[in-house]
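Throughout, a chain's letter reflects where its sequence line sits, starting with A, and its residues are numbered from 1. All figures in this text were calculated on a predicted structure; none of them were measured in a lab.
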Number of protein chains: 2
Amino acid sequence: MTTSRSSTDKRSATSLPPREQVHAALATLLNGRQPGEQLPPEPQLAHQLGVSRATLRETMRSFQERGLIVRRHGVGTFVAPPPPVIETGLEELESLDTLARRTGLQTRMGEAVIEEREATPNEAFRLQVSPRTPVLAVARVMMTGALPGAMPVAFLVDVVPTAYLRQQDLGPGFCGSVLDLFIQREHPPLSHSRTDILAEAADEATAGKLHLQRGDVLLRLEAQLYACDGHVVDYSISQFVPGHFHFHVVRRVGNPKVRLPGR
Amino acid sequence: MTTSRSSTDKRSATSLPPREQVHAALATLLNGRQPGEQLPPEPQLAHQLGVSRATLRETMRSFQERGLIVRRHGVGTFVAPPPPVIETGLEELESLDTLARRTGLQTRMGEAVIEEREATPNEAFRLQVSPRTPVLAVARVMMTGALPGAMPVAFLVDVVPTAYLRQQDLGPGFCGSVLDLFIQREHPPLSHSRTDILAEAADEATAGKLHLQRGDVLLRLEAQLYACDGHVVDYSISQFVPGHFHFHVVRRVGNPKVRLPGR
DNA sequence: CAGTGGTCTAGACCACACG
DNA sequence: GTGTGGTCTAGACCACTGA
């Protein structure tokens, strides 16, 4: 059973690699079925799609991780029940802008202060850089609703070392999201964000910006954005007026498997 | 290359399956190396461990997902840099009790009210059961510190249909965690929890229980615990006094890959 | 028992990084 | 070019579920 990719290869020069073919085919398959319906057995499905079972299973796994299918050992594979979680939660990093657009909320950037300065000690710590490293700080209020009655919903501050972002990189098209800018530029390659979740009372300054009283409740998300090389690219503080955005997270039940040693 | 598992099988009757052998071996390997160090190439490593490369890669993937190694296409596999995230975040579901123990915080259960009653309309909605379904409600204050000066840190309420949990199931050993009880019983099999994240001002009753003033800030986590069959097993509300517990979440940067069709 | 997903193998080629 | 990880194949056996 010597494998000869070139002789077995079903792709023409222009067609997609097996992985994406299978991905698309499986997606189509799912769209045509009702939740709870059973999918064909893996060997059969693999044959239908013209790939090996291993390749099919790779795609199956990704679908399972996203909660689109349920696989039951010894029973079969099924279209997942109507997802208990409709929108994605916090586990996928996306900008507030993107989130708002996705959920139909209309937002625009309000008052903004953009400046290059030295990092404060706390910022330097969070960014894991030397004290007084030059950074670009972008502070702005996000508003929602029509202009006369627009309401402030969040106060956002991003702090980025100027090595990653300069004031002039924020074109006139900048509408509030530093994250989207990084994603669009594709540089540096981003890995993940560590987001701390806090509740706090608004101080005088923040209350003013958000049209609240001092002491009113805010949800505060403090995030460090990591590049693939492990460097912190962005330290952001987001303060939300309760009621406009809704955050949640899906938590896996921990496997009581063997734990890794210390590290 | 006909595969004959029985003839190739290197396991004696008592040894572990390849997956776990590899898992252990890889863990050992990592523990003996410094962050940034390169691991042997996959084919060589697979041969050393006496497994196929596919099997090794399966383990590698799981290590990578946990952030223990970094794989770079065309370059090599490396011990991950000092993990930016030390403890796990919210993405793994664990009881407050377990979390406290893990982080060295000493907690004990304070005043508790345990009763069987009918679900309120909101509870029925969250539990996805008919209105007035009988439920077990467990409300208690969690305290920290030595007895004379013990401070309340959280107010927890779990609401569980009596089909899953009865008052008599909470033995005298019950010390505050309904989740741990479910995990220990292994029934029903749990899948995940959807946890909403909110900031709110303490109302009169809660403030009293937590020794706060009305209007003080609380972090509120509202969770629905799902069994593998999709049913909601537990609806819980956790209100935290800021400063004692620290919650965070790791957010993946979204893949700009092909999105699935609507669903 | 039959049928399903779960695991594993040995070998091959592809795509990328880097000197 | 050399060496790495990334993908893929065809086939086999194992482990579980449910009739």
Side-chain angles (χ1 to χ4, degrees), chain A residues 1-13 15-23 25-26 37-65 69-80 189 228-229 255 257, chain B residues 1-13 15-23 25-26 37-65 69-80 189 228-229 255 257:
Chain A
M1 86 166 76
T2 303
T3 302
S4 166
R5 172 67 162 281
S6 41
S7 72
T8 326
D9 203 335
K10 295 186 176 56
R11 284 180 283 163
S12 69
S15 68
L16 294 166
R19 199 184 38 262
E20 302 191 11
Q21 277 186 29
V22 175
H23 185 103
L26 203 49
E37 245 183 281
Q38 185 167 6
L39 268 51
E42 291 184 2
Q44 178 187 330
L45 201 50
H47 183 258
Q48 279 179 23
L49 301 179
V51 298
S52 77
R53 201 178 146 210
T55 303
L56 171 63
R57 278 182 62 77
E58 188 65 24
T59 301
M60 297 280 250
R61 168 185 304 142
S62 101
F63 273 60
Q64 184 177 31
E65 273 169 7
I69 59 174
V70 175
R71 293 199 279 185
R72 290 205 288 154
H73 193 172
V75 184
T77 303
F78 304 82
V79 179
C228 291
D229 63 8
N255 283 335
K257 276 186 187 174
Chain B
M1 75 158 101
T2 302
T3 303
S4 167
R5 171 67 161 279
S6 41
S7 72
T8 324
D9 204 335
K10 295 185 176 58
R11 283 180 284 166
S12 70
S15 68
L16 294 166
R19 200 183 36 260
E20 301 191 13
Q21 277 186 30
V22 174
H23 185 104
L26 203 51
E37 243 182 284
Q38 184 166 4
L39 268 51
E42 291 184 3
Q44 178 187 329
L45 200 49
H47 183 258
Q48 278 179 23
L49 301 180
V51 299
S52 76
R53 201 179 148 213
T55 303
L56 170 63
R57 278 182 61 77
E58 189 65 22
T59 301
M60 296 280 250
R61 167 183 304 140
S62 101
F63 274 59
Q64 185 177 31
E65 273 168 8
I69 59 174
V70 175
R71 293 198 281 184
R72 291 205 288 153
H73 193 173
V75 183
T77 303
F78 305 83
V79 180
C228 289
D229 63 9
N255 283 333
K257 277 186 186 174

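- Rounded to whole Å, atom C1' of C:dG6 lies 13 Å from atom CG of A:Leu56.
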Practice task
Any chance you could lay out the side chain to side chain donor-acceptor pair (under 3.5 Å) test for B:Ser62 and B:Thr59, step after step, and finish with the verdict?
Solution key: CA-CA 5 Å; B:Ser62 101; B:Thr59 301; 5.9 Å; no
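- Side-chain contact between B:Leu49 and B:Thr55: absent, with no pair of heavy atoms (C-beta onward) separated by less than 4.5 Å.
- With values rounded to the nearest 0.5 angstrom, B:Gln44 atom CD is found 12.5 Å from B:Arg53 atom CZ.
- Summarising the geometry, the separation between CD1 on B:Ile69 and C1' on D:dG5 is reported as 11 Å, rounded to the nearest angstrom.
- Rounded to whole angstrom, the span from the CZ atom of A:Arg53 across to the C1' atom of D:dC13 amounts to 11 Å.
- Using a 4.5 Å heavy-atom cutoff, the side chains of B:Phe63 and B:His23 are in contact.
- Relative to the side chain of B:Arg57, the nucleotides C:dG5, D:dG6, C:dT9 differ in distance, and D:dG6 lies closest.
- Protein atom NE2 of A:His23 is 16 Å distant from nucleotide atom C1' of D:dT7, rounded to whole Å.
- Of all the residues in residues 70-77 of chain B, B:Arg71, B:Arg72, B:His73, B:Gly74, B:Val75, B:Gly76, B:Thr77 reach under 4.0 Å from DNA chain D with at least one non-hydrogen atom.
- Shown here for A:Met60 and A:Ile69, the closest heavy-atom pair between the two residues is O-CD1, 3.5 Å.
- Seen from the ring of A:Phe78, A:Arg72 counts as a face-on cation partner, given the 6.0 Å and 45° thresholds.
- Spacing between atom CG of B:Leu49 and atom P of C:dT9 amounts to 11 Å, rounded to whole angstrom units.
- Candidate nucleotides D:dC8, D:dG6, C:dT4 were compared by shortest atom distance to the side chain of A:Pro41, and C:dT4 ranks first.
- Regarding B:Glu42, its CD atom lies at a distance of 8 Å from the C1' atom of D:dG6, rounded to whole Å.
- Comparing D:dG5, C:dT7, D:dC8 by their nearest atom to the side chain of A:Ser52 picks out D:dC8.
- The distance between atom CD of A:Glu20 and atom P of D:dG6, rounded to the nearest whole Å, is 16 Å.
- In this structure, the separation between OG1 on A:Thr77 and CG on A:Leu45 is 8.5 Å, given to the nearest 0.5 Å.
- Rounded to whole Å, the distance from CD on A:Glu58 to P on C:dC8 is 15 Å.
- Between D:dT9 and A:Thr55, a contact under 4.0 Å exists linking OP1 or OP2 to a side-chain N or O.
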